[in-house]
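Note sheet for the following structure.
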Amino acid sequence: MKRRRFWKFALLLAVPLALFATIANYNSWRPRTIKTEAVEPSELQFSSDGRTLILEGSPVYICDLASSTSSSLEMGFPCSLIENGKYLADSMQILSVRDKKIVTWVPQSFVLVGVLADQSTLILAKLYDVHSRALFRWNWRSDLAPKLYVRLQEVPDRRLRIMSDKATLTDEKHIWDLKGNLRFKIPQETHVTYPMHNPSPMYNPSMFIALSDGSKVQIWNCATGKVQGSVAVISPRGSRMIFKVSPDGTMLAAHAMFKGDFQISLWDIESGQRLRQIDLPNFAWEFAFSPDGRTLAVAFTDTVKLWRIK
């Protein structure tokens, strides 16, 4: 009799718990929304701790993911979050994200290339000579002036950037290490998509870049200069494809910059199989993986939505 009562009590307890777990799991997979004003962001990047998201546009928006709120800043391009999102740097200034006050000015006649792993040292190039071989190192907390950092073995074709592994430089045609040694050139017959790599210099994803050859996307390893995998992606006519690689280098996200295409596809790089399709409510301007690879942030005209993908 007591045993029968126990099972009745357990059943009565299990039903609401199961219902609660189902609803919680369903809601956890629904996208979170952060409101912004009308903006057409050119880039998204997360801070290294995954708590802050920056939208590069006019103006620049800083999104606090804990409170799901956003605030705007007047900044130039490109921008970089440093020290876990506490500060934001562009080619003219470094601002405190918390109080929006200017902490210091970037030395005159220099342009930001990226941030090193210690998050206090910026790599700069001459403002009016961005295609030169010379790069400069500047610790914004201690150095009064930039110091010559390295001379590249080859003149870059375009403006340089430090890739998100914090160990590689690229102009989207060449790959250098941070000592200026040329690792490899991307084959001229290969069309490089933009952006070809995760833009944020703050976290430590894999060293993969995405290249497009018609409908075939190749994933190259920057360390070896060899193809790591490939994915067959159908590109709508008249559209420009955007590709992003997950931080662990196992997943490719693809989106067609086409007004009638409201979806992002996730692909397994090793097998080339499509894992999931995210249906979007409308046209998306940009998207980015979170540092842990569990979330995909997508920027629309006046909102940012965050989908849980793992």
Side-chain angles (χ1 to χ4, degrees), residues 28-29 31-34 36 41-57 60-71 78-89 97-98 112-123 161-170 178 195-210 219 221-223 228 242-255 264 266-270 275-276 278 284-299 304-310:
S28 70
W29 287 93
R32 292 171 53 199
T33 300
I34 301 176
T36 62
S42 59
E43 202 164 276
L44 285 175
Q45 57 178 285
F46 281 87
S47 61
S48 58
D49 58 8
R51 297 178 181 178
T52 307
L53 181 67
I54 175 176
L55 287 77
E56 287 194 16
V60 172
Y61 275 87
I62 305 294
C63 299
D64 185 334
L65 302 188
S67 62
S68 295
T69 58
S70 67
S71 58
C79 294
S80 288
L81 284 166
I82 53 181
E83 298 192 10
N84 292 330
K86 293 180 181 178
Y87 304 97
L88 184 64
V97 171
R98 183 177 59 85
L112 180 67
V113 173
V115 185
L116 293 185
D118 64 7
Q119 298 195 33
S120 292
T121 302
L122 279 61
I123 299 300
R161 297 195 66 176
I162 292 181
M163 291 183 66
S164 43
D165 61 345
K166 306 176 192 174
T168 313
L169 284 160
T170 183
L178 292 185
M196 59 176 282
H197 56 82
N198 295 298
S200 173
M202 298 307 305
Y203 58 90
N204 188 24
S206 61
M207 297 171 62
F208 292 90
I209 57 177
I219 315 301
N221 187 310
C222 298
Q228 188 77 17
I242 295 182
F243 304 104
K244 298 289 178 72
V245 179
S246 64
D248 60 5
T250 63
M251 191 187 307
L252 177 73
H255 173 60
I264 292 177
L266 301 176
W267 303 79
D268 180 78
I269 290 175
E270 184 176 357
L275 301 173
R276 183 182 173 190
I278 298 175
W285 289 98
E286 257 293 351
F287 61 95
F289 284 98
S290 63
D292 60 8
R294 297 175 63 87
T295 302
L296 191 72
V298 184
V304 175
K305 291 185 180 294
L306 297 105
W307 271 268
R308 176 184 165 194
I309 57 175
K310 285 187 180 180

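Index from 1, following the sequence.
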> Just how far is it from atom CG of Leu88 to atom CD1 of Ile62, taken to the nearest 0.5 Å?
Replying inline: 4.5 Å
>> I need the Leu296 CG to Phe289 CZ distance, nearest 0.5 Å.
In response: 5.5 Å
> OG1 of Thr69 to CD1 of Ile34: how many Å apart, nearest 0.5 Å?
Replying inline: 7.5 Å
> Atom CG in Leu65, atom OG1 in Thr52: separation rounded to 0.5 Å?
Replying inline: 6.5 Å
> Say you draw a straight line from CG of Leu306 to CZ of Arg294; how long is it, rounded to the nearest 0.5 Å?
Replying inline: 14.0 Å
> Can you tell if the side chain of Val113 reaches within under 4.5 Å of the side chain of Leu169, non-hydrogen atoms only?
Replying inline: yes
> What pair of heavy atoms forms the shortest contact from Arg32 to Ala66, and how long is it?
Replying inline: NH2-N, 4.5 Å
> Taking all atoms of both residues into account, what is the closest heavy-atom pair of Leu81 and Phe46, and its distance?
Replying inline: CD1-C, 4.3 Å
> Can you tell which of Leu178, Ile82, Leu122 makes a side chain to side chain contact (heavy atoms under 4.5 Å, CB included) with Leu116?
Replying inline: Leu178
> Step by step, would you call Glu270 with Thr250 a side chain to side chain donor-acceptor pair (under 3.5 Å)?
Replying inline: CA-CA 7 Å; Glu270 184 176 357; Thr250 63; over 6 Å; no
>> Looking at Arg51, I want to see if its CZ is surrounded by more than 12 non-hydrogen atoms of other residues, nucleotides or ligands under 6.0 Å.
In response: no
>> I need the minimum non-hydrogen distance between Leu44 and Ala297, along with the two atoms involved.
In response: CD1-O, 3.7 Å
> Can Ile264 and Trp307 be said to form a side chain to side chain contact (heavy atoms under 4.5 Å, CB included), step by step?
Replying inline: CA-CA 11 Å; Ile264 292 177; Trp307 271 268; over 6 Å; no
> Does the pair Leu275 and Ile309 meet the rule for a side chain to side chain contact (heavy atoms under 4.5 Å, CB included), with working shown?
Replying inline: CA-CA 10 Å; Leu275 301 173; Ile309 57 175; over 6 Å; no
> After noting the C-alpha distance and the side-chain angles of Ser70 and Val304, does the key distance pass the side chain to side chain contact (heavy atoms under 4.5 Å, CB included) rule?
Replying inline: CA-CA 10 Å; Ser70 67; Val304 175; over 6 Å; no
> How far apart are the closest heavy atoms of Trp267 and Ala254, and which atoms are they?
Replying inline: NE1-CB, 4.2 Å
> Does some side-chain heavy atom of Lys244 sit less than 4.5 Å from a side-chain heavy atom of Glu286?
Replying inline: yes
> Roughly how far, to the nearest 0.5 Å, is CZ of Arg161 from CD1 of Ile123?
Replying inline: 14.0 Å
